[in-house]
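Okay, so here's the structure we're looking at.
Because the structure is predicted, anything quoted here is derived from the model rather than measured.
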Amino acid sequence: MLGEGWAEMGPDPGRAREQAKARALGDLALNARVTIQTALADVLGQSNGTTTQSLESRVNAYAQLASVRLDKEEFVLHHPRRGNITCRVGVRRAQYDEQVRRDLQQQKDTLLGLAHRARTEFNQGRIGNCFTSLNELLARRSDVFADLSLDIDAGEKGRSHTLWDWARSFQNDILRSLKLRCDKDPLYFDSRGRYSGPVRVQATWAGTRKASLSGFPLQARWAHRPTGPVEQSQTNGTGEATFTPVVDLFNKTSQWVVSPSGQESPSCRRSFHRRKSALLIVSGSSEKINRAIETDAFTRLQKWPWDIRLPTDDTDTADVSVILRLTAAVTKNPDGPVYRARVKAALEVQEAGKKKSAASTRTAEGFGATADQAVEDAVIKLLTQWGDWLDQNIILSLKFSFD
């Protein structure tokens with residue numbers, strides 16, 4: 001088989017030779033059409049619905065394979081001072097036919113091997129390995145046989161199916177029996193854009209066949225960036241997979257979406273918020289009261305998605321300010337040395353200097369032989385009963401600060 005191409009001579013002879021040879025190989029590809037069509041029909045057993053465009057893509061691909069050894073390659077220069085250069089290339093038909101047929105057969109065997117492996121893994125209950133083989137098989141379609149048909153005996157009483165349809169159907173059956181569960185509670189990144197994690201996702205199998213989900217491939221992406229996954233993971237022996245997401249600094253709130261690799265469903269979602277800084281401010285008439293309340297409140301607030309700190313000077317600022325204002329009223333019993341103290345704590349949460357929750361108060365009473373003892377008794381009682389009150393008000397404030 002021969003192919004011929006030409007190019008105009010210019011200031012760069014090497015480029016002209018390359019252009020002439022490229023055209024010659026294209027001409028050779030057209031001449032090889034019948035050969036490759038025969039090889040495709042022989043090896044693939046293609047159906048009558050095969051499109052001409054697909055055949056052309058395979059003809060061009062085989063004609064331009066780097067592994068094709070040209071048996072003839074010559075250049076003829078016409079009119080050296082101002083003319084053209086012609087390139088003629090050729091291959092021996094029998095050797096070329098055999099090379100194409102051999103390459104097709106190898107690629108076909110690889111695909112059928114993946115299909116056989118997928119079916120074997122499924123029959124032995126290894127769903128993750130089965131799904132991975134199907135993913136690899138379907139990913140090779142565009143690179144290997146484009147839209148050409150390739151039939152496979154699916155073991156259904158002699159019925160044959162197109163390999164691609166069989167693989168997609170098999171994969172969809174697996175996906176219908178797969179369930180993914182993400183915890184619903186929101187997670188919070190720290191100030192560096194990291195989550196201490198990991199984030200856990202639980203996969204369960206609802207199919208009729210007993211199966212292991214170990215090694216099932218999962219992918220995670222941000223809902224606001226759906227074009228591609230940002231992290232891959234695999235399930236362990238219990239069906240659990242872990243991820244370590246990094247915050248998208250352009251969003252305060254994000255949705256982390258987990259699904260099987262290469263698929264959009266089934267999926268589960270996890271909400272993430274960016275962690276903020278919070279300033280705890282305790283004010284009151286008694287330094288002793290302030291220190292006791294400050295120590296307890298600081299410990300309690302550390303469980304919330306804030307980086308809690310205390311003010312160091314009057315210019316300290318933070319995303320959120322948690323303000324506790326304390327007042328104490330002491331009275332003496334006129335009949336004896338008994339003092340009664342009434343301590344009141346008022347809580348307010350501010351964001352960017354604006355109030356985010358209405359001030360809420362909690363009070364406690366204490367008694368003692370002195371005023372200080374009465375106040376100390378009241379503070380102890382306040383600290384033992386204000387946990388739920390503080391939590392409820394912080395939760396109310398979170399709805400403003402993080403949603």
Side-chain angles (χ1 to χ4, degrees), residues 121-122 124-136 171-276 278 299-308 391 394-395 398-399 401-403:
E121 296 287 356
F122 182 81
Q124 296 179 358
R126 295 188 288 267
I127 304 302
N129 294 345
C130 171
F131 190 82
T132 299
S133 296
L134 292 173
N135 263 351
E136 184 178 350
Q171 198 171 63
N172 288 336
D173 289 341
I174 292 175
L175 295 175
R176 278 192 289 268
S177 299
L178 182 71
K179 309 295 180 185
L180 297 179
R181 180 177 59 81
C182 298
D183 291 338
K184 294 183 179 180
D185 294 336
L187 300 173
Y188 297 89
F189 292 102
D190 61 22
S191 57
R192 298 172 300 168
R194 296 282 179 178
Y195 174 69
S196 58
V199 179
R200 292 179 170 82
V201 177
Q202 184 64 50
T204 55
W205 178 250
T208 56
R209 179 188 296 271
K210 186 177 180 181
S212 167
L213 285 175
S214 177
F216 199 96
L218 299 178
Q219 66 182 23
R221 60 181 174 82
W222 292 112
H224 59 278
R225 297 186 184 276
T227 54
V230 295
E231 190 175 354
Q232 304 276 355
S233 184
Q234 287 188 346
T235 55
N236 58 21
T238 62
E240 183 182 83
T242 58
F243 295 88
T244 54
V246 177
V247 67
D248 187 331
L249 297 178
F250 293 96
N251 294 273
K252 290 184 178 180
T253 301
S254 301
Q255 288 281 328
W256 184 248
V257 184
V258 179
S259 60
S261 293
Q263 306 293 324
E264 294 185 359
S265 63
S267 65
C268 65
R269 294 175 174 243
R270 193 73 189 268
S271 297
F272 282 85
H273 299 284
R274 194 186 310 174
R275 194 175 181 92
K276 296 187 178 184
T299 301
R300 290 181 181 276
L301 294 176
Q302 282 182 317
K303 72 178 181 180
W304 299 106
W306 294 325
D307 293 319
I308 304 295
D391 289 350
I394 294 298
I395 291 174
L398 282 174
K399 295 180 180 179
S401 299
F402 289 97
D403 282 355

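Side chain of Gln202 to main chain of Thr238: a donor-acceptor pair is present (N/O by atom type, distance under 3.5 Å, no hydrogens or angles). Under the 3.5 Å distance criterion, the side-chain polar atoms of Asn135 are matched with a main-chain donor or acceptor of Ser261. In this structure, Arg126 contributes its side chain and Ser212 its backbone to no donor-acceptor pair below 3.5 Å. A donor-acceptor distance shorter than 3.5 angstrom exists from the side chain of Thr235 to the backbone of Leu213, with no hydrogens or angles considered. Checking side-chain atoms of Gln302 against main-chain N and O of Ile308 turns up no donor-acceptor pair under 3.5 Å. Of the possible polar contacts, one joining the Ser233 side chain to the Thr242 backbone as a donor-acceptor pair under 3.5 Å is found.
Inter-residue side-chain proximity for His224 and Ser254 is flagged as met; some heavy-atom pair is nearer than 4.5 Å. Side-chain contact between Asp183 and Arg200 is absent, with no heavy-atom pair separated by less than 4.5 Å. Put simply, the side chain of Asn236 does not reach to within 4.5 Å of the side chain of Ser214, judged on heavy atoms. The side-chain heavy atoms of Asn129 and Phe216, taken from C-beta on, include no pair separated by under 4.5 Å. Between Arg225 and Val230, the closest side-chain pair of non-hydrogen atoms is not below 4.5 Å. Taking 4.5 Å as the limit, some side-chain heavy atom of Pro245 sits within range of a side-chain heavy atom of Trp222. Side-chain contact between Phe131 and Pro260: present, with at least one pair of heavy atoms (C-beta onward) separated by less than 4.5 Å.
Distance CD1/Ile174 to SG/Cys130: 3.5 Å, rounded to 0.5 Å. In this structure, CZ in Arg181 is found 10.0 Å from CZ in Arg270, a value given to the nearest 0.5 Å. Separating the CG atom in Asn172 from the CZ atom in Arg176 is a distance of 5.5 Å, to the nearest 0.5 Å. Taken from CD in Glu240 to OG1 in Thr204, the straight-line distance is 12.5 Å, to the nearest 0.5 Å. For the atom pair CG (Leu187) and NE2 (His273), the distance works out to 9.0 Å, reported to the nearest 0.5 Å. Leu178 CG to Trp205 CH2: the interatomic distance, rounded to the nearest 0.5 Å, is 7.0 Å.
Taking each heavy atom of Ala241 and Leu218 in turn, the nearest pair found is CB-CD1, 3.7 Å. In plain terms, the two heavy atoms of Ser271 and Gln255 that are nearest each other are OG-NE2, 2.8 Å. Between Ser267 and Ser259 the shortest heavy-atom distance is CB-CB, 3.9 Å. Scanning both residues, Glu231 and Phe243, for their nearest heavy atoms gives OE2-CA, 3.4 Å. Taking all atoms of both residues into account, the shortest heavy-atom contact from Leu180 to Cys268 is O-CB, 3.7 Å.
Around CD of Glu264, the count of heavy atoms belonging to other residues, nucleotides or ligands within 6.0 Å does not exceed 12.
Under the 3.5 Å distance criterion, with hydrogens and angles disregarded, no donor-acceptor pair is assigned to the side chains of Ser133 and Glu121. Remark: the Gln219 side chain and the Gln263 side chain contain no N/O donor-acceptor pair separated by less than 3.5 Å.
Aromatic ring centroids of Tyr188 and Phe272 lie 6.0 Å or more apart.
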